[in-house]
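Right, one structure below, let's go through it.
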Amino acid sequence: MSSFEPIDEPLVLNLDSWSKLASVEQKVLGAIFHKHAGQPFSSLLPREQWAIEGLSVAEANSSFASLRQQRWIESVYKSWGERLFYIPASLMETLTIAYAQRVGITVKQMAQHAHVLQEGKPDTAAELLHLIAWIEREGLPLTGKGTIHKKSVQKLSVITVLSSTDFEGLGIRYDHSDLYPTHVAILLDLLLSLNLVQKSDGQIQIVDHRLQKWLQLSWRQMHREIYQACMERYGEAEPALQHFRYQLAVLAPEKNIWCHIENLELKPRIRGWLYALAGWGYGEVGEDQSGALAFRWLIEPHSLLYREQEMVSEAEPCGFYMQPDFEMLVPPEAGPDVIWMLEQCAERVTRDRMSIYRMTRERFISALARGYELHEVIECLDQYALTGIPENVRIALADWGKETDAAPLTVNRSMKVMEASTGSADDPKLLEKDVLSGVYSSFYTPDNLGLVDVPASLHGLERDHSVIEKKFSLLGFEEIPETWYKEWRRYHSSTARQIAAKAIEWQTKLGIQQENQTQYLIPHQVEGHEQWTLSGWCMLDSSENTSETEWRTFSPSEWDTMRLILPDDVIT
């Protein structure tokens with residue numbers, strides 16, 4: 001059985017595509033989106049709920065088939081052959097905008113500033129580079145049980161600016177929670193689910209070719225990849241909370257502007273997500289004068305959402321300021337290649353909006369011993385040192401370099417990764433054609449395994465490639481007279497009862513007319529025989545497309561003519 005994988009070519013159906021859907025299709029999609037968000041489901045809404053939408057079950061089923069054909073809905077197979085349906089993540093942004101009023105808007109811009117409850121930490125993208133560089137130097141062996149040694153876990157816990165308190169409100173679950181603090185579990189889970197590291201040969205190993213491509217991304221692109229993983233892996237699966245998470249990114253005006261969070265019922269769980277966003281460096285949590293929750297993005301929120309292929313060539317030329325005391329002041333604008341180079345040959349002292357690294361003899365010699373050439377390191381420093389390298393530092397680096405001259409140099413994966421980050425990879429075939437052409441494909445896919453249990457995951461399920469019938473069919477349709485659904489006619493009471501019964505059997509609509517007034521019904525039950533009545537939902541504004549209905553009971557004497565109202569694709 002093949003595992004679930006995203007479609008090779010990313011599908012982006014925008015608001016223009018949505019606006020071209022038939023009104024019935026928009027209603028059906030809206031009802032599904034409202035109820036399930038992006039979570040999998042196995043069946044459509046019951047008849048009563050479709051009636052509230054002003055739709056018959058036949059209309060809903062017909063439109064659902066059409067939506068599947070147009071790939072607004074995808075499906076996978078469970079192990080015993082049952083289908084699971086879902087709205088692809090790539091469409092959630094569009095539908096969040098299209099159905100904001102229907103779902104209920106919970107994020108609104110504030111006119112005033114809020115009191116900060118939780119400041120945003122430095123972004124997680126650089127933390128992942130710090131963690132990878134540490135694994136590169138120190139190694140991360142596994143025990144016989146497949147877990148990381150306790151001493152290594154303790155070290156991982158303190159070398160990052162993240163802490164477990166940042167994520168207390170997420171309620172995530174994972175194996176060996178007694179060993180791994182929450183923030184360590186999340187960091188490792190991110191590295192695994194982004195496929196930057198993997199468990200192999202009794203240790204956590206870096207996936208070299210993936211890391212090389214990762215280092216060619218901009219911070220903006222890294223932030224988006226990490227955010228997509230966080231959204232799907234650590235956000236609660238409940239549709240209402242998923243709606244909120246997408247609204248927070250889609251409806252927020254821009255970064256550095258406070259938004260008011262309007263959802264008292266889910267406030268404790270929403271608070272947990274907002275504090276986690278602050279922990280990852282995406283925003284800050286606050287409250288207004290009334291004590292209501294507020295949030296502001298520190299990163300442009302629209303850049304975090306699904307987009308069609310985006311150009312990689314985002315210029316980030318900023319470097320660092322080298323001091324005579326061997327410290328380097330690194331502003332937040334410094335690119336991933338700068339941070340990666342510093343992680344190789346210097347020690348991180350502090351991580352904040354302005355980070356500090358220090359060049360030390362031990363770390364510098366370690367870099368040379370692992371395969372870096374002295375002249376290459378000096379050239380990198382010259383390239384990124386914004387005010388140059390102080391002469392005393394340059395002399396010291398040369399002296400340190402001499403200490404390794406006699407030692408054999410072993411070129412390992414560290415060297416290859418640094419070459420890739422500076423644009424001189426030995427093997428260009430390692431770089432996928434999409435990166436070379438200026439675009440990149442997603443690093444995170446739901447199929448990538450990590451540490452954290454992901455609720456409602458589609459991982460490991462077989463993709464449904466079956467052909468969807470273009471025409472919706474009704475059992476026994478060919479056996480009824482065409483006049484029943486093509487013409488408004490008066491019928492004998494017994495025939496009228498047959499037509500009403502057929503509408504109930506097929507769960508379709510029934511039209512009735514009296515004195516040129518037309519009403520549309522979703523019939524539910526016929527009672528009696530010679531003197532019979534029909535009960536069901538009636539469209540209030542006499543339009544078959546209305547969503548306002550009320551329960552009513554009719555007798556055949558209340559109409560003159562009638563006909564079945566069938567989905568268009570049944571009779572075309």
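Positions are given from 1, in the same order as the sequence printed here.
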How long is the gap from [atom1] on [X] to [atom2] on [Y], to the nearest 0.5 Å?
X: Ile186; Y: Ile226; atom1: CD1; atom2: CD1; value: 12.5 Å
X: Leu67; Y: Gln26; atom1: CG; atom2: CD; value: 10.0 Å
X: Leu248; Y: Leu274; atom1: CG; atom2: CG; value: 6.0 Å
X: Gln109; Y: Glu254; atom1: CD; atom2: CD; value: 8.0 Å
X: Arg489; Y: Thr561; atom1: CZ; atom2: OG1; value: 11.0 Å
X: Gln212; Y: Leu196; atom1: CD; atom2: CG; value: 12.0 Å

Is there a donor-acceptor pair under 3.5 Å between the side chain of [X] and the backbone N or O of [Y]?
X: Gln519; Y: Gln514; result: no
X: Asp560; Y: Glu515; result: yes
X: Tyr444; Y: Cys230; result: no
X: Asp189; Y: Leu451; result: yes
X: Arg83; Y: Lys78; result: no
X: Asn263; Y: Lys267; result: no

Step by step, work out the side chain to side chain contact (heavy atoms under 4.5 Å, CB included) result for Ile87 and Leu29. CA-CA 9 Å; Ile87 295 173; Leu29 185 57; 4.3 Å; yes

With under 30° as parallel and over 60° as perpendicular, where do the rings of Tyr491 and Trp484 fit, or are they tilted in between? perpendicular

Between His524 and Trp537, how do the two ring planes meet: parallel, tilted or perpendicular, split at 30° and 60°? perpendicular

Step by step, would you call Ser193 with Arg233 a side chain to side chain contact (heavy atoms under 4.5 Å, CB included)? CA-CA 9 Å; Ser193 63; Arg233 302 184 69 78; 3.7 Å; yes

Decide yes or no for [X] and [Y]: does some side-chain heavy atom of the first lie under 4.5 Å from some side-chain heavy atom of the second?
X: Leu521; Y: Leu534; value: yes
X: Arg210; Y: Phe443; value: yes
X: Ile32; Y: Phe85; value: no
X: Leu510; Y: Tyr520; value: no
X: Lys502; Y: Ile480; value: yes
X: Leu298; Y: Asn256; value: yes
X: Thr533; Y: Phe554; value: no
X: Arg47; Y: Trp50; value: no

More than 12 heavy atoms of other groups within 6.0 Å of [X] [atom1]:
X: Lys20; atom1: NZ; result: no
X: Glu550; atom1: CD; result: yes
X: Glu82; atom1: CD; result: yes
X: Arg102; atom1: CZ; result: yes

Examine the side chains of [X] and [Y] and answer whether a donor and an acceptor come within less than 3.5 Å of each other.
X: Ser75; Y: Arg68; result: yes
X: His260; Y: Glu262; result: yes
X: Thr96; Y: Gln247; result: no
X: Trp532; Y: Ser493; result: yes
X: Glu25; Y: Ser66; result: yes
X: Glu59; Y: Ser63; result: no

Might you point out which heavy atoms bring [X] and [Y] nearest each other, and give the distance in Å?
X: Pro253; Y: Glu300; result: O-OE2, 4.2 Å
X: Gly511; Y: Ile565; result: N-CG1, 3.6 Å
X: Ala229; Y: Leu190; result: CB-CD2, 3.9 Å

Step by step, would you call Tyr234 with Phe167 a ring-ring contact (aromatic ring centres under 6.0 Å, His included)? CA-CA 9 Å; Tyr234 317 128; Phe167 310 109; 7.9 Å; no

Report the C-alpha distance between Gln242 and Met92 in whole Å, list the side-chain angles of each, state the deciding distance to 0.1 Å, and finish with yes or no for side chain to side chain contact (heavy atoms under 4.5 Å, CB included). CA-CA 10 Å; Gln242 192 174 19; Met92 291 293 291; 4.1 Å; yes

Assess the pair [X] and [Y]: is the distance between their ring centroids shorter than 6.0 Å?
X: Tyr227; Y: Tyr282; answer: yes
X: Phe295; Y: Trp258; answer: no
X: Trp280; Y: His223; answer: no

Salt-bridge test for Arg269 and Glu236: reply yes if a basic N is under 4.0 Å from a carboxylate O, no otherwise. yes

Assess the residue pair Phe41 and Leu84 against the criterion (side chain to side chain contact (heavy atoms under 4.5 Å, CB included)); give the C-alpha distance rounded to whole Å, side-chain angles, the decisive distance to 0.1 Å, and a yes or no. CA-CA 6 Å; Phe41 59 96; Leu84 280 179; over 6 Å; no

